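Before any comments, here is the structure.
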Amino acid sequence: MNADTSPPNPTPGPLRGEVAIPLTEALAMAQSLQRDGFLGEAESVYRQIVARKPNQPEALHFLGVLLSQTGRRDEGVELILAALELKPNYVDAFSNLGHVLQELGHLEEAEEAYRHAIKLDPDFADAHLNLSALLYECGKYEESLKHSQRAMEIAPMQSQAHVIAGEAFAKEGRHAEAAEAYMRAMERNLFHAGVHEKMGISLLRMGRTAEAIDIYQRWISLDPDNPRPHHHLAACTGIGVPARASNEYIREVFNRFAATFDERLTALQYSAPALVVESVGAELGEPQAQYAVLDAGCGTGLCGAGIRPFAKRLTGVDLSSKMLAKAEERKLYDELIESELTEYLLRSPQSFDVIISADTLIYFGELRSVMTAAAAALRPQGRFVFTLEKVESADAPDGFRLESHGRYAHSMEYIRNVIEQAGLKPGEITEIFVRTERREPVKGLLAVGRKP
Ligand SMILES: C[S@@+](CC[C@H](N)C(=O)[O-])C[C@H]1O[C@@H](n2cnc3c(N)ncnc32)[C@H](O)[C@@H]1O
């Protein structure tokens, strides 16, 4: 979003109240406060300007942007529209209007606003960039590329357009071009968030493992305390593969992912929650709110609605506070606990009739510890129902493998052994499609362990 636009119309005269300075200076001051993150102070100055001069389009626009930044998007849109009434050729306002509408999920209107900004000023790089990001989110990769490339021509030193282009190329399976685009982004901004990870994954898709290793090592040297490159490097080299993804890695990945998780997973036709709930029904019959249920690695609570009818009491546990905050919004859980899963299970002997875990044990390689802890946390006749990603035993002599994307895959034989060794009786382990990835279905496994 761009709050730093063309200079406002000079309008001399002091403001009422606290800010007794000329209006242009007040506006510049508010913008500077807004840029530096002093949003409360900036809002107060904008409001004084608007009180003094209600028809000042820049103040209305910037105040609208600020309200949107602070979660008051509907009000923000109204103010930006008011600014546009007063100044119909206000290009920045159209671009920012598109951004807020996009955040509100009004994608068609957002696209229209960006396109209008581009019509008014075909060389407005921000509008091309915003439009390319929107089209990418809508899965229109070819069209997205047109606008990211135009943004690059206009503002070649801006790294974001190169990243969006890289992502669109990657979605189209054009990994060499994706890697080139990410490289250009890195040349412009070495610290661009996520670019090393995306680059590494594109290189691995082309089998260029040595280059991916080099990228992850460079990322480690830039950001040594970040758990993500260490995890990916282990996946690439097979050296130092952890028994499960570290708590730091999980928090880092899912705290960032929480805001868009549901939307993204829906787009990927994510089916694990429905399959887990269906399996609980097949195991235990009609739901009558009769069980103490644990949703292990509950995330944003996508299993909540399906499993709630079975639950007398529904508990969710997860490492990511931001995922848990999303789960809380659903108002389906009696209790949500921020904890590492195995540790929580060990603290909860004989506490649950049903434990479900959708798409969470894929962050565990070695499953013995968590399975033993789950078995101990189940009451007699209890069920542990969970999903995993599948690898053939021939490709994973240890029974599991850390894949280049950072998740673990397990073999059917390993899962069956682990269930038995934990003192549970394995039910049938079935092949499922968990979700799509790059338009291909991801093969998974649905398993049940029954406590005698
Ligand atoms: C892919 S999400 C799945 C969430 C949810 N079960 C669903 O189906 O939408 C995986 C979740 O597992 C959590 N997780 C991964 N490892 C964990 C661990 N060791 N302890 C607790 N939570 C963990 C993550 O924080 C994340 O919310």
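Just so you know, ligand 1 is whichever comes first in the structure, and atom 1 is the first atom listed for that ligand. These figures come from a predicted structure and were not determined experimentally.
- Atom 25 (O) of ligand 1 has Asp318 OD1, 2.6 Å as its closest protein atom, hydrogens excluded (heavy atom only).
- Around atom CD of Glu263, no more than 12 heavy atoms belonging to other residues, nucleotides or ligands sit under 6.0 Å away.
- Contacts between Ala296 and ligand 1 below 4.0 angstrom, taking non-hydrogen atoms only, are absent altogether.
- The minimum heavy-atom distance between Phe400 and Tyr408, with the atom names listed, is CD1-CD2, 4.0 Å.
- Every residue two or more places apart in sequence or in another chain was checked for a salt bridge (Lys or Arg N to Asp or Glu O under 4.0 Å) with Asp318, and none qualifies.
- Residue-ligand proximity, Leu302 to ligand 1, at heavy-atom distances under 4.0 Å covers atoms 9 (O).
- Residue Arg251 does not touch ligand 1, judged by heavy-atom distances below 4.0 Å.
- For ligand 1, the atoms lying closer than 4.0 Å to a non-hydrogen atom of Gly299 are 4 (C), 27 (O).
- Protein heavy atom at the shortest distance from atom 1 (C) of ligand 1 is Asp359 O, 3.3 Å.
- Counting heavy atoms under 4.0 Å from ligand 1, residue Phe261 touches it through the side chain alone.
- For atom 17 (C) of ligand 1, the closest heavy atom belonging to the protein is Leu319 CD1, 3.9 Å.
- Heavy-atom proximity to Arg244, at under 4.0 Å, picks out these atoms of ligand 1: 19 (N).
- Heavy atoms of Pro273 found under 4.0 angstrom from ligand 1 belong exclusively to the side chain.
- Heavy-atom proximity to Glu340, at under 4.0 Å, picks out these atoms of ligand 1: 18 (C), 19 (N), 20 (N).
- At a heavy-atom distance under 4.0 Å, only side-chain atoms of Met323, from C-beta outward, approach ligand 1.
- Of the candidates Asn255, Leu341, Leu265, Ile250, it is Leu341 that places a heavy atom closest to atom 21 (C) of ligand 1.
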CA sep, side-chain torsions, deciding dist, call: His175, Arg205, side-chain hydrogen bond (donor to acceptor under 3.5 Å, both in side chains): CA-CA 7 Å; His175 294 296; Arg205 299 246 172 252; 4.7 Å; no

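- Gln102 and Glu137 form no side-chain donor-acceptor contact under 3.5 Å, judged by distance and modelled atom types alone.
- Expressed to the nearest 0.5 Å, how far CG of Leu275 lies from OG1 of Thr387 amounts to 8.5 Å.
- Of the heavy atoms in Ser339, only backbone atoms (N, CA, C, O) come closer than 4.0 Å to ligand 1.
- Counting non-hydrogen atoms of neighbouring residues, nucleotides and ligands closer than 6.0 angstrom, the CZ atom of Arg256 reaches no more than 12 such neighbours.
- Between Thr300 and ligand 1, a contact under 3.5 Å exists for no N or O pair.
- At a cut-off of 3.5 Å, with distance as the only test, no side-chain donor of Asp92 or His61 sits close to an acceptor on the other residue.
- Judged by distance alone, with hydrogens and angles left aside, the side-chain atoms of Thr436 form no donor-acceptor pair with the main-chain N or O of Pro441 at under 3.5 Å.
- Of all protein heavy atoms, the one lying nearest to atom 3 (C) of ligand 1 is Ala358 O, 3.5 Å.
- Residues that satisfy the ring-ring contact (aromatic ring centres under 6.0 Å, His included) test with Tyr291, not counting sequence neighbours, are absent from this structure.
- Between Trp219 and His196, the ring-plane angle classifies as parallel under the 30° and 60° cut-offs.
- For a threshold of 3.5 Å applied to N or O pairs, the pair formed by Cys303 and ligand 1 contains no separation below that value.
- Taking distance alone, with nitrogen or oxygen atoms compared against 3.5 Å, Thr360 approaches ligand 1 more closely than that limit.
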ring-ring contact (aromatic ring centres under 6.0 Å, His included) between Phe254 and Tyr363, intermediate numbers included: CA-CA 12 Å; Phe254 286 98; Tyr363 296 97; 5.3 Å; yes

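- Each of Glu43, Glu78, Glu103 was scored for a salt bridge (charged side-chain N to carboxylate O under 4.0 Å, His left out) with Arg72, with one residue passing: Glu43.
- For the pair Phe364 and ligand 1, a heavy-atom separation below 4.0 Å is found.
- At under 3.5 Å, a nitrogen or oxygen of Gly297, whether backbone or side chain, sits near a nitrogen or oxygen of ligand 1.
- The protein atom (non-hydrogen) at minimum distance from atom 7 (C) of ligand 1 is Tyr270 OH, 3.3 Å.
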